[in-house]
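Report on the structure given below.
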Protein chains: 2
Amino acid sequence: MNVTIKDVALKAGVSIATVSLVVNNNNRISSETRKKVLKTIKALNYYPSRSARDLVSKKTGNIGFILTDDHFLRTEPFYTKIFLGAEFEAREGEYYILLTTVKADFTASDPLPRFIRDKSVDGIIIAGKVPPKLIEKLGNNSMPVVVVDYQMENKNYSHILIDNIHGGILATEHLIQNGHKKIGFIGGDINHPSIYERLNGFNKAHERANIIPDNNRIKTNTGYPDRQNGYNLARELFTSNKNITGVFACNDAMAIGVMHYLKDNNYKIPQDVSLVGFDDVEADLLLDPPLTTVRVPKIELGAEAFRVLVSQLKNNKIQPKKILVPVEILVRNSTKKIQ
Amino acid sequence: MNVTIKDVALKAGVSIATVSLVVNNNNRISSETRKKVLKTIKALNYYPSRSARDLVSKKTGNIGFILTDDHFLRTEPFYTKIFLGAEFEAREGEYYILLTTVKADFTASDPLPRFIRDKSVDGIIIAGKVPPKLIEKLGNNSMPVVVVDYQMENKNYSHILIDNIHGGILATEHLIQNGHKKIGFIGGDINHPSIYERLNGFNKAHERANIIPDNNRIKTNTGYPDRQNGYNLARELFTSNKNITGVFACNDAMAIGVMHYLKDNNYKIPQDVSLVGFDDVEADLLLDPPLTTVRVPKIELGAEAFRVLVSQLKNNKIQPKKILVPVEILVRNSTKKIQ
DNA sequence: ATTTCTCGGTTAAACGTTTAACTGAACAAA
DNA sequence: TTTGTTCAGTTAAACGTTTAACCGAGAAAT
């Protein structure tokens, strides 16, 4: 049968309160008593019952992790890495993480995840874009929420974000430093904050280099930022401009689409056109040539989200924060000095 | 403040035991009383406290899900899908799933995952190959274990497996039905049961078609079943054989390696060589040509593992089972009739 | 009419931990 | 010597649920 605090108390010759005080590192206990109790805990391999502890403390010891189905099933494990970052951080702590996905088209009639409904989590991490109706429904809860890689206009939630502006600058400066002046920008929907900020970085880098960007070299639309749209916008870019020698695609999916367009139209990468992406998805290395990209530290995003949420749970007077996690450029073979 | 059973009892004008009996669908309660209580539960939005319930029932309401780091971070979300299959199945039930990864080189000195140590799970799902030292250490626990996509010689655990033999037959028969007789098999380490069984299927399909397989067309080694090794074994196959017109690679990674070798050596797929893989990883569709493959139903593997574990938890007299989840062949453009 | 049984509810102990209030011994201050 | 304080432990109630044993009313059997 399982060992309880009573067994430890009996064997150590102390009260159950003493054992509890030792387990919880209360400094009222003398070091002699503490040692004796710890020795007994070890000998009996005692672990406190989380259900008993949670009942008394009115906590659950769990954190909910929510993302959309499609995000978790993407070929590149972007959100899987964010989740694992949080799980690594939680691993030897006092919280478990419960993951669930919601439909990308979640509506007001859909129920919230069960761990919210039955109050089995103390706080929530939301990874990536989620439907606004989910956020609305969440608003009825008082538990703290941390949002990763998505911005919402809810000032009650902390946000862990990619430093997209700086990433856009890094990508564009890399091309400029390699002598490129006629640089195209391939983006999806600039109502999407990440894409907007990456374009912002693209523009800032031009300003800093005293190069006047040409709006005709900025191709965006309201389409999904996927390969196909990357392909389409690349076609638009290259048919309406001459002498483009560098391209910064706002994410790797679009970069791959751009790469396909260039190959289909007999451009050589990087001899004719240098190409930079953003994300550093796993597939990048398989590409020919391997893609230069802005690396997003997914594991760290998840770990930071977890740390911020836990600190809010421990001290609910902490104000929500917005944290920009830094990025770096990984130079591979899809960029080179202009000839 | 949170609603408890006391609030419901007070408002409904019954005892807390009555409310508990209603919540738990005990048939001693009259339907009049039941309706009254259910109405009050709904009005107050009452959810039972899992910690109180778990304390009394001496259960945790959680299932642990364990896999190795590298498995979870693979580019193709094979294990992510197995996990999601389990999570989908758990979603509206009475168990939560706690996921953790362990190191692929877990040793006897590494501690078991925390949710085992502190007895926060009622049962465990192991996904994929895990280090033998982990299994040894797990042996000290009495909780039920279900293993997915991995075989171990522990008869105390249920196994949910891919029907590899039948998959190997499907792959090989597809080639044979397209007129191929000189078919190569590309495998990794045949001490790995899955690979061994797929080869077994390859052989059985030959027997059924009264085609004598040539052992010189079976290329395996003790290497990792990855792309590079697929490339290497393809080289070995094609340099030591003439007129190979079909290849069955034991997994998609190796199939991709084979594909690269063929392209590097001016073979046309499928005109010169037809190629079949096994797994149906996400990348298959991106390949040129898209890969014919044996589709492994990952989501279903996970869901079945969950169902089997829950049935064992509910009735611990149930004997461990070995379940083979069926596969199917997806014919894409990497195979065609022999000319 | 009396006794026994069934039904539908209720009472109260238990689960394992936490912690406020209590306690006795030892020490310090008056 | 007396009084007050501190220390290091202990006692017992509380947390929210489950459920065995209990209970009163009504029905059935004698």
Side-chain angles (χ1 to χ4, degrees), chain A residues 1-41 44-62 94-95 117-122 313-314, chain B residues 1-41 44-62 94-95 117-122 313-314:
Chain A
M1 195 55 70
N2 284 336
V3 174
T4 74
I5 201 167
K6 284 171 179 164
D7 303 305
V8 176
L10 202 69
K11 185 166 180 182
V14 296
S15 70
I16 57 186
T18 300
V19 178
S20 182
L21 290 164
V22 168
V23 166
N24 291 295
N25 277 315
N26 195 289
N27 59 18
R28 109 183 3 258
I29 300 300
S30 73
S31 66
E32 184 190 340
T33 299
R34 173 188 307 280
K35 277 173 187 159
K36 180 169 67 176
V37 170
L38 287 175
K39 187 176 168 185
T40 310
I41 285 172
L44 297 182
N45 194 32
Y46 164 74
Y47 280 88
S49 159
R50 281 181 70 236
S51 49
R53 177 175 265 181
D54 294 343
L55 178 59
V56 168
S57 66
K58 296 177 183 275
K59 295 176 177 175
T60 70
N62 298 323
E94 56 205 86
Y95 285 94
R117 284 184 274 128
D118 70 6
K119 296 181 175 59
S120 293
V121 294
D122 296 329
L313 287 167
K314 286 186 189 301
Chain B
M1 196 57 74
N2 285 336
V3 174
T4 73
I5 201 166
K6 284 172 179 164
D7 302 306
V8 177
L10 202 68
K11 184 167 180 182
V14 295
S15 70
I16 57 186
T18 300
V19 177
S20 182
L21 290 164
V22 169
V23 166
N24 290 295
N25 277 314
N26 195 289
N27 58 16
R28 108 181 9 257
I29 300 298
S30 72
S31 67
E32 186 192 338
T33 300
R34 171 188 306 281
K35 277 175 187 157
K36 183 169 65 178
V37 171
L38 287 175
K39 187 177 167 184
T40 310
I41 285 174
L44 298 183
N45 194 31
Y46 164 73
Y47 279 87
S49 159
R50 283 180 71 234
S51 49
R53 173 175 269 185
D54 294 342
L55 178 59
V56 168
S57 67
K58 294 176 184 278
K59 294 177 177 171
T60 70
N62 298 322
E94 55 206 87
Y95 286 95
R117 285 184 273 131
D118 70 7
K119 296 181 174 58
S120 293
V121 294
D122 295 330
L313 288 167
K314 286 184 188 300

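As the structure is a prediction and not an experimental result, all values here were calculated from the model. Here is the naming used below: chain letters follow the sequence lines, and residue numbers restart at 1 for every chain.
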### Query
Over how many whole Å does the gap from A:Lys59 atom NZ to C:dT17 atom C1' extend?
14 Å

### Message
Just verifying a value: how many Å separate A:Asn45 CG and A:Thr40 OG1, rounded to the nearest 0.5 Å?
### Response
13.0 Å

### Task
Decide yes or no for A:Asn62 and B:Arg50: does some side-chain heavy atom of the first lie under 4.5 Å from some side-chain heavy atom of the second?
yes

### Task
Select from A:Val56 and A:Arg34 the residue whose nearest nucleotide in DNA chain D is closer to the 5' end of that strand.
A:Arg34

### Query
Within the structure, does a side-chain N or O atom of B:Lys58 lie under 4.0 Å from either OP1 or OP2 of D:dT18?
no

### Message
Testing B:Asp54, B:Asp118, B:Asp122 one by one against B:Thr60 for a side-chain hydrogen bond (donor to acceptor under 3.5 Å, both in side chains), which residue passes?
### Response
B:Asp122

### Message
A side-chain contact here means heavy atoms from C-beta on lying under 4.5 Å apart; do B:Ser49 and B:Thr4 qualify?
### Response
no

### Query
Between D:dA8 atom P and A:Lys36 atom NZ, what is the distance in whole Å?
14 Å

### Query
Can you tell me if the side-chain N/O atoms of A:Ser20 get under 4.0 Å from OP1 or OP2 in C:dT17?
no

#### Entry: Check: A:Val23 and A:Arg53 side chains under 4.5 Å, non-hydrogen atoms
yes

### Task
Determine: side-chain N/O of B:Arg53 to OP1/OP2 of D:dG16, distance under 4.0 Å, yes or no.
no

#### Entry: Between CG on residue A:Asp7 and CD1 on residue A:Ile41, distance to nearest 0.5 Å
12.0 Å

### Query
So what does B:Ile29 touch, heavy atoms closer than 4.0 Å: a base, only the sugar-phosphate, or nothing?
sugar-phosphate

#### Entry: Of the listed nucleotides C:dT17, D:dG16, C:dT18, the one nearest the side chain of B:Ala52
D:dG16

#### Entry: Atom pair distance, as rounded to whole Å: CZ in B:Arg50 and C1' in D:dT17
14 Å

### Query
Once you build an axis from the first five pairs and another from the last five of the helix from C:dA1-D:dT30 to C:dA30-D:dT1, how far apart in angle are they, to 10 degrees?
50°

### Query
Hey, does the side-chain of A:Arg28 have a donor or acceptor N/O within less than 3.5 Å of a partner on the base of D:dG9?
yes

### Summary
The nucleotide from D:dT17, C:dG9, D:dG16 with an atom nearest the side chain of B:Pro48 is D:dT17

### Task
Measure the shortest side-chain to side-chain distance between B:Arg34 and B:Leu21 over non-hydrogen atoms and say whether it is less than 4.5 angstrom.
no

### Summary
Among C:dT17, D:dT18, D:dA8, the one nearest any side-chain atom of A:Thr33 is D:dA8

### Query
A:Leu21 CG to C:dA21 P: how many Å, rounded?
15 Å

### Query
Quick one: is C:dT10 close enough that its OP1 or OP2 comes under 4.0 Å of any side-chain N or O from B:Ser15?
yes

### Task
Among C:dT17, D:dT18, D:dT10, find the nucleotide with the atom closest to the side chain of B:Ile16.
D:dT18

### Message
Taking only side-chain N and O atoms of B:Thr18, does any of them lie within less than 4.0 angstrom of OP1 or OP2 on C:dG8?
### Response
no

### Query
What is the distance, rounded to the nearest whole Å, between atom CG of B:Asn24 and atom C1' of D:dT17?
9 Å

### Query
What is the distance, rounded to the nearest whole Å, between atom NZ of A:Lys35 and atom C1' of D:dA8?
16 Å

### Summary
Against the side chain of A:Leu55, the closest entry in D:dC15, C:dT18, D:dT11 is D:dC15

### Query
Could you give the distance from CG (B:Leu10) to NZ (B:Lys6), rounded to the nearest 0.5 Å?
11.0 Å

### Message
Under 4.0 Å, counting only non-hydrogen atoms across every strand here, what does B:Val14 touch: a base, just sugar-phosphate, or nothing?
### Response
sugar-phosphate

### Message
Within the 4.0 Å heavy-atom criterion, would you say A:Asp54 contacts the bases, only the backbone, or no part of the nucleic acid?
### Response
nothing

### Task
Indicate, with a heavy-atom threshold strictly under 4.0 Å, whether A:Thr4 touches base, sugar-phosphate, or nothing.
sugar-phosphate

### Query
Between atom NZ of A:Lys119 and atom OG of B:Ser51, what is the distance when rounded to the nearest 0.5 Å?
12.5 Å

### Message
Is B:Asn26 close enough to D:dT19 that one of its side-chain N or O atoms is under 4.0 Å from OP1 or OP2 there?
### Response
no

## Note on the structure
B:Asn27 atom CG is separated from C:dG8 atom P, nearest whole Å, by 9 Å

### Task
Kindly say if A:Tyr46 contacts the phosphate of C:dT17, meaning a side-chain N or O under 4.0 Å from OP1 or OP2.
yes

### Task
Determine the contact category for B:Ser49: base if any of its heavy atoms lies under 4.0 Å from a base atom, sugar-phosphate if only primed atoms, P, OP1 or OP2 are that close, otherwise nothing.
sugar-phosphate

### Query
Can you check whether B:Ser57 has a side-chain N or O nearer than 4.0 Å to OP1 or OP2 of C:dC15?
no

#### Entry: Rounded distance (Å) that lies between atom C1' of D:dG16 and atom NZ of A:Lys119
14 Å

